[in-house]
Amino acid sequence: MRVKKGDRVRVLTGKDRGKEGEVMRAFPAQGRVIVDGVHRVKKNQRQTRATMQGGIIDKDMPIPVDNVAVVCPTCGATRIGFRFDDAGRKIRVCKKCGSDL
Ligand SMILES: [Zn+2]
């Protein structure tokens, strides 16, 4: 997956289109990510011994990784390419400016 935890991404589609946030969790198997403050829903939560807190809570739901673009510090939302460094490690680069991400 091209997006990982800690990335800054912009949402491309859906009701949160245009929002930017940090990837809080990534689910490579499902191709989904949770982005801070995106696709936030209110959930009624029953009070349990585990949570010690009932009522309505805000929860960010996973969205398809195809719906977000990684934000390059220089160009903004961009597409990701790859290059290999001298040690053969795969490094993500911005397709617009070529800088490492
Ligand atoms: Zn760039």
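All ligand and atom numbering here is 1-based and tracks the order in the structure. Start at 1 with the first residue, then count along the sequence. Note that the structure is a prediction, hence the values are computed from the model and not measured. In what follows, every heavy atom counts, from backbone to side chain, and hydrogens, waters and symmetry copies are set aside.
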Review point. So, the side chain of D7 versus the backbone of V9: is there a donor-acceptor pair under 3.5 Å, distance only?
Key: no
Check your understanding: Would you call D100 and R92 a salt bridge, taking side-chain N to carboxylate O under 4.0 Å as the test?
Key -> no
Check your understanding: With no hydrogens and no angle check, is any side-chain donor or acceptor of R2 less than 3.5 Å from a backbone partner on I80?
Key -> yes
Exercise for review: Output, by chain and residue number, all protein N/O/S atoms separated from the Zn ion (ligand 1) by less than 2.8 Å.
Suggested key: C72 SG, C75 SG, C94 SG, C97 SG
Review point. Between D60 and V38, is any pair of side-chain heavy atoms under 4.5 Å apart?
Key: no
Exercise for review: Give a yes or no on whether the backbone of H39 and the side-chain of D16 come within a donor-acceptor separation of less than 3.5 Å.
Suggested key: yes
Point to revise | Residue pair E22, R8: steps toward the salt bridge (charged side-chain N to carboxylate O under 4.0 Å, His left out) verdict | key: CA-CA 5 Å; E22 186 183 329; R8 184 154 190 86; over 6 Å; no
